[in-house]
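The structure displayed is predicted, hence computed values, not measured ones. Count residues from 1 along the sequence.
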Amino acid sequence: MMINYLFVYGTLKPGGVAHHFFDQIQGSWSDAHCFGNWISDIDIGYPIISLDTNGVKIEGKLFYSKQLQNIIKEIDEYEGEEYERVITKIHPNNGPPVKAFIYEKKSK
(Lines give C-alpha, C1' and ligand atoms only; values in the text may rest on other atoms or scores of the structure.)
Protein backbone atom coordinates (compact mmCIF):
# COMPACT_ATOMS: atom_id res chain seq x y z
CA MET A 1 0.00 0.00 0.00
CA MET A 2 1.38 3.37 -1.01
CA ILE A 3 0.99 5.98 1.74
CA ASN A 4 1.07 9.58 0.51
CA TYR A 5 0.31 11.28 3.84
CA LEU A 6 2.54 12.15 6.80
CA PHE A 7 1.16 13.61 10.04
CA VAL A 8 3.61 15.78 11.98
CA TYR A 9 3.28 17.42 15.40
CA GLY A 10 6.77 18.67 16.26
CA THR A 11 9.95 19.80 14.53
CA LEU A 12 8.78 18.68 11.07
CA LYS A 13 5.82 21.09 11.03
CA PRO A 14 6.00 24.20 8.83
CA GLY A 15 8.26 26.65 10.65
CA GLY A 16 9.93 23.82 12.59
CA VAL A 17 13.68 23.23 12.63
CA ALA A 18 13.39 20.10 10.44
CA HIS A 19 10.83 21.36 7.95
CA HIS A 20 13.55 21.64 5.26
CA PHE A 21 13.06 17.96 4.32
CA PHE A 22 9.84 18.93 2.55
CA ASP A 23 11.58 21.52 0.34
CA GLN A 24 12.76 18.66 -1.88
CA ILE A 25 9.29 17.62 -3.09
CA GLN A 26 5.91 19.05 -4.12
CA GLY A 27 3.05 18.68 -1.65
CA SER A 28 0.32 20.34 0.34
CA TRP A 29 -0.39 20.93 4.04
CA SER A 30 -3.62 20.88 6.02
CA ASP A 31 -4.61 21.03 9.67
CA ALA A 32 -5.43 17.65 11.21
CA HIS A 33 -5.39 15.65 14.42
CA CYS A 34 -4.91 12.17 15.82
CA PHE A 35 -5.49 10.63 19.23
CA GLY A 36 -2.79 9.59 21.64
CA ASN A 37 -0.92 10.42 24.80
CA TRP A 38 2.04 12.73 25.28
CA ILE A 39 5.01 10.86 26.73
CA SER A 40 6.72 12.79 29.49
CA ASP A 41 9.03 10.16 30.99
CA ILE A 42 11.63 10.55 28.23
CA ASP A 43 13.93 13.57 28.20
CA ILE A 44 14.85 13.93 24.53
CA GLY A 45 13.96 17.60 24.18
CA TYR A 46 11.21 17.09 21.61
CA PRO A 47 7.55 16.08 21.79
CA ILE A 48 6.77 12.39 21.50
CA ILE A 49 3.44 10.57 21.56
CA SER A 50 2.04 7.11 21.94
CA LEU A 51 -1.01 6.52 19.74
CA ASP A 52 -4.22 5.66 21.57
CA THR A 53 -7.73 5.95 20.13
CA ASN A 54 -8.94 6.75 23.66
CA GLY A 55 -6.21 9.35 24.23
CA VAL A 56 -6.26 13.11 23.93
CA LYS A 57 -6.72 14.97 20.66
CA ILE A 58 -3.28 15.86 19.28
CA GLU A 59 -3.28 18.73 16.81
CA GLY A 60 -0.75 18.79 14.01
CA LYS A 61 -0.22 19.17 10.29
CA LEU A 62 -0.94 16.65 7.56
CA PHE A 63 1.37 16.63 4.56
CA TYR A 64 0.22 15.09 1.27
CA SER A 65 2.54 14.27 -1.61
CA LYS A 66 2.77 11.55 -4.23
CA GLN A 67 6.54 12.05 -3.84
CA LEU A 68 6.63 11.34 -0.09
CA GLN A 69 8.53 8.08 -0.65
CA ASN A 70 11.45 10.15 -2.01
CA ILE A 71 12.18 11.66 1.42
CA ILE A 72 10.69 9.28 3.99
CA LYS A 73 13.96 7.38 4.65
CA GLU A 74 15.75 10.67 5.34
CA ILE A 75 13.04 11.60 7.83
CA ASP A 76 13.31 8.14 9.45
CA GLU A 77 17.02 8.81 10.02
CA TYR A 78 16.33 12.28 11.39
CA GLU A 79 13.71 11.00 13.84
CA GLY A 80 16.21 8.50 15.27
CA GLU A 81 15.86 5.58 17.61
CA GLU A 82 13.31 7.06 20.03
CA TYR A 83 10.65 7.16 17.30
CA GLU A 84 9.16 4.64 14.91
CA ARG A 85 7.13 5.32 11.80
CA VAL A 86 3.73 3.65 11.82
CA ILE A 87 0.49 3.95 9.85
CA THR A 88 -2.60 5.26 11.61
CA LYS A 89 -5.90 7.03 10.99
CA ILE A 90 -5.55 10.81 10.84
CA HIS A 91 -8.48 13.21 10.92
CA PRO A 92 -8.06 16.21 8.59
CA ASN A 93 -10.02 19.25 9.75
CA ASN A 94 -11.47 19.61 6.24
CA GLY A 95 -12.32 16.06 5.18
CA PRO A 96 -12.70 12.37 5.98
CA PRO A 97 -10.05 10.35 7.86
CA VAL A 98 -7.01 9.12 5.92
CA LYS A 99 -4.29 6.56 6.53
CA ALA A 100 -1.01 8.34 7.17
CA PHE A 101 2.47 7.80 8.47
CA ILE A 102 3.21 9.20 11.91
CA TYR A 103 6.20 8.99 14.22
CA GLU A 104 5.42 7.75 17.70
CA LYS A 105 7.33 6.44 20.69
CA LYS A 106 9.19 3.30 19.68
CA SER A 107 7.85 0.10 21.25
CA LYS A 108 10.35 -1.76 23.37
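In this structure, Phe35 is not a member of the same hydrophobic cluster as Ile90, with clusters built from ILVMFWY side-chain heavy atoms closer than 4.5 Å.
Sorted by first then second residue, the salt bridge (Lys or Arg N to Asp or Glu O under 4.0 Å) pairs that include residues 12-38, not counting sequence neighbours, are Asp31-Lys61. Pairs engaging residues 84-104 under the side-chain hydrogen bond (donor to acceptor under 3.5 Å, both in side chains) rule: Asp76-Arg85, Asp76-Tyr103, Glu84-Ser107 [sequence neighbours left out].
With sequence neighbours excluded, the residues forming a ring pair (Phe, Tyr, Trp, His ring centres under 6.0 Å) with Tyr9 are Trp38, listed by chain and number. Not counting sequence neighbours, Glu74 has no partner by the salt bridge (charged side-chain N to carboxylate O under 4.0 Å, His left out) test. Remark: Gln67 pairs with Ile25, Gln26, Ser65, Asn70 by the side chain to side chain contact (heavy atoms under 4.5 Å, CB included) rule, at least two apart or across chains. Qualifying ring pair (Phe, Tyr, Trp, His ring centres under 6.0 Å) partners for Tyr5, counting only residues two or more places apart in sequence or in other chains: Tyr64. Here Thr11 pairs with Tyr78 under the side-chain hydrogen bond (donor to acceptor under 3.5 Å, both in side chains) rule; sequence neighbours left out. Residues satisfying the salt bridge (charged side-chain N to carboxylate O under 4.0 Å, His left out) criterion with Lys73, sequence neighbours excluded, are absent altogether.
Residues Leu6 and Leu62 have side chains not in contact (no heavy-atom distance under 4.5 Å, counting atoms from C-beta outward). In this structure the side chain of Ile49 never reaches within 4.5 angstrom of the side chain of Ile39, judged on heavy atoms. Within the 4.5 Å cutoff, side-chain heavy atoms of Ile87 are placed close to those of Phe101.
Here His33 contributes atom NE2 and Ile58 contributes atom CD1; the two are 10.5 Å apart, rounded to the nearest 0.5 Å. Considering CD of Glu82 and NZ of Lys106, their distance stands at 8.5 Å, rounded to 0.5 Å.
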| How far apart are the C-alpha atoms of Leu12 and Glu79, what are their side-chain angles, what is the distance that settles it, and do they pass the side-chain contact (heavy atoms from CB on, under 4.5 Å) test? | CA-CA 10 Å; Leu12 291 168; Glu79 290 291 2; 3.2 Å; yes

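Pro97 and Pro92 get closest at one heavy-atom pair: CA-CD, 3.9 Å. Between Ile3 and Gln69, the shortest heavy-atom contact is O-NE2, 3.2 Å. Heavy-atom minimum distance, Ala100 versus Phe7: CB-N, 4.4 Å. When every heavy atom of Leu51 is checked against every heavy atom of Cys34, the shortest pair comes out as CD2-SG, 4.1 Å.
Note: Phe63 and Trp29 have tilted aromatic rings, judged against thresholds of 30 and 60 degrees for the angle between ring planes.
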